[in-house]
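In each ligand, atom 1 is the first atom listed, and ligand 1 is the first ligand listed.
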Amino acid sequence: MNLSQMTKEEISAFKSENEKLYSDFKGKGLCLNMARGNPCKEQLQLSVDMLRVFDNGDFMSECGADVRNYGVPDGIPEAKKLFSDMIGVNTDEIIIFGNSSLSAMFFAVQCAYNKGVLGSKPWSQCGRVKFLCPVPGYDRHFKVTLFFGIEMINIPMSPTGPDIYMIYELVKNDDSIKGIWCVPQYSNPDGICYSDDTVRRFAALKPAAEDFRIFWDNAYCIHHLTDEPKYVLNILDEAKKAGNEDIVYVFGSTSKITFPGAGVAVMGGSKKNIDELRQFLGISIISYDKMNQLRHVKFFGNFDNMLAHMKKHMAIIAPKFRLVIDKLDKEIAPLGIGSWTDPKGGYFISFNAPDGCAKRIVQLCSEAGVTLTGAGATFPYGKDPYDKNIRIAPTYPPIEDLEKAMELFTICVKIAAAEKLLAE
Ligand code: PLP
């Protein structure tokens, strides 16, 4: 029965019942961390053979460089070939970075901030600078813009992507808006894939600021959870068709393909954009880890093998996503005290509690030993205006632990929702 249709007495009894279950849970001494989207041990194991690819003593890149030495700061050609296929750009439109796409994004913002973009005034000299932030979104994106003192404007997400009409309205006259964070494929945390129409409109965007850039973070470009994946349209191709190819920076990494923190990160974009950033890069680094680049190339061989590798990830994590959804469908749906996504890829399930309940749910879970991403983290400045969004990251815990964590989570949702109704 829908909780809001119960009498106060019924809600009180319901709450007491769940508080009893909650205190039983507390006694179990759980200690589980579901705060971040980390791959689990079995997923990490899938790539361990990569550590043997140099056993034959061949450290040479096809360009003649010994990958153990300095040089080739923007990446060896065979890595450019492999990863340009992954993010959908040409081999002269890509830079191979180090182990983190987030730091590549930071670098791109930093270059714009200190040096400007293709001859424009550095953002640091522009007075107020603003970024558009589809919400809920990725907390670390927001931390990058916060670090540079860039103001953030919330843009609501819809099932087809961020509200593109609102974006058009905002950017058309305001040249202090310099960029937008986008996770187009299996967005973090909603798991939304941008529609073709949204991608085409992004590609054709003509902001007042000529140094406006779309930060197209394609972190989950091949991270499918079904056998019939939906591919988001290639934005750089669409931007070229619209004569607007400088509008976008594309990012990706193998953090959730091979090893987070020991993968390979990449950035793509128009030749003009990439040539400029390559120049700046040459100031900051003599060489990234080319051994790791070649390790990845030797391990995968080609992009098709990478896709096959992702199916092995899917086999491990899809049942975990299923478990979470099934639990919510069974325990929460009939009570009408929340809604959630059923993503077809990516790393997260986005749960929306009744307004004003997210912080309380996260607190209750934490006090009983399950750490979730902090409530509010999915919004700029950590401020969820309705205190309702919680990001669930199901990949890391073993499935038995996940089951316990979800049991606790649903109990906490019930208690928080009951408390709210009783207080009204
Ligand atoms: N972008 C998104 C959308 C993410 O969810 C994550 C990690 O969770 C990252 C980037 C981090 O990527 P990397 O490890 O390449 O820095």
Side-chain angles (χ1 to χ4, degrees), residues 33-40 43-44 47 75 79 82-83 86-87 94-110 131-147 152 155 157 161-162 179-194 214-225 232 235 248-268 288-289 292-293 296 306 310 313 317 321 341 343 345-350 372-374 377-380 389-396:
N33 193 329
M34 302 217 313
R36 302 230 65 96
N38 288 351
C40 63
Q43 290 178 272
L44 301 176
S47 305
L82 179 64
F83 295 119
M86 181 177 90
I87 61 164
I94 191 167
I95 294 172
I96 314 293
F97 277 81
N99 63 346
S100 160
S101 60
L102 187 69
S103 76
M105 294 173 229
F106 186 96
F107 174 75
V109 175
Q110 187 174 39
F131 243 65
L132 304 180
C133 300
V135 291
Y138 179 38
D139 52 343
R140 291 184 191 270
H141 285 161
F142 306 149
K143 285 188 176 141
V144 171
T145 21
L146 187 67
F147 178 86
M152 293 178 275
I155 304 289
M157 283 292 280
I180 181 166
W181 293 116
C182 289
V183 182
Q185 179 111 32
Y186 310 130
S187 66
N188 175 351
D190 282 338
I192 286 169
C193 291
Y194 292 13
I214 302 166
F215 284 64
W216 199 252
D217 178 2
N218 220 344
Y220 301 108
C221 54
I222 53 173
H223 302 56
H224 311 298
L225 289 168
V232 167
I235 190 163
V248 65
Y249 294 153
V250 182
F251 300 90
S253 80
T254 69
S255 287
K256 286 158 186 174
I257 298 173
T258 57
F259 303 117
V264 176
V266 301
M267 174 179 181
Y288 277 115
D289 183 350
N292 201 28
Q293 294 173 21
H296 277 72
M306 227 161 135
M310 292 313 288
H313 281 282
I317 64 175
F321 278 78
T341 54
Y347 258 64
F348 303 102
I349 289 163
S350 183
L372 297 167
T373 312
T378 52
F379 286 75
N389 188 250
I390 297 174
R391 186 179 80 169
I392 300 176
T395 53
Y396 184 72

* **From CD1 (Ile235) to CH2 (Trp216), nearest 0.5 Å** => 3.5 Å

* Any idea which atoms of ligand 1 are less than 4.0 Å away from a heavy-atom of Ser100? -> 15 (O), 16 (O)

* Asked: Can you tell which of Tyr138, Phe259, Tyr347, Tyr220 gets a heavy atom nearest to atom 5 (O) of ligand 1?
  -> Tyr220

* To do: Could you pull out all residues at least two apart from Arg36 that satisfy salt bridge (charged side-chain N to carboxylate O under 4.0 Å, His left out)?
  => Asp139

* Only one of Thr254, Val264, Asn99 forms a side chain to side chain contact (heavy atoms under 4.5 Å, CB included) with Asn292, so which one is it? -> Val264

* Proximity to ligand 1 by part of Asp217, non-hydrogen separation under 4.0 Å -> side chain

* Touching ligand 1 at all, Arg140? Heavy atoms, strictly under 4.0 Å? -> no

* To do: Answer with side chain, backbone, both or neither: which part of Phe251 has a heavy atom less than 4.0 angstrom from an atom of ligand 1?
  => neither

* Pair Tyr220, Lys256: side-chain N/O donor-acceptor within cut-off below 3.5 Å -> yes

* Asked: Which residues satisfy the side-chain contact (heavy atoms from CB on, under 4.5 Å) test with Ala265, sequence neighbours excluded?
  -> Phe97, Ser101, Ser253

* Structure fact -> atom 12 (O) of ligand 1 sits nearest the protein heavy atom Ser101 OG, 3.2 Å

* To do: Decide yes or no for Ile94 and Met267: does some side-chain heavy atom of the first lie under 4.5 Å from some side-chain heavy atom of the second?
  => no

* Asked: Can you list the ligand 1 atoms lying under 4.0 Å from a non-hydrogen atom of Ala219?
  -> 1 (N), 2 (C), 3 (C)

* Determine whether the side chain, the backbone, both or neither of Ser253 has a heavy atom under 4.0 Å from any heavy atom of ligand 1. => side chain

* Structure fact -> Lys256 heavy atoms within 4.0 Å reach ligand 1 at atoms 7 (C), 8 (O)

* Answer yes if the side chains of Thr341 and Asp190 hold a donor-acceptor pair under 3.5 Å, and no otherwise. => no

* Check Ser255 against ligand 1 and report side chain, backbone, both or neither, counting heavy atoms closer than 4.0 Å. => side chain

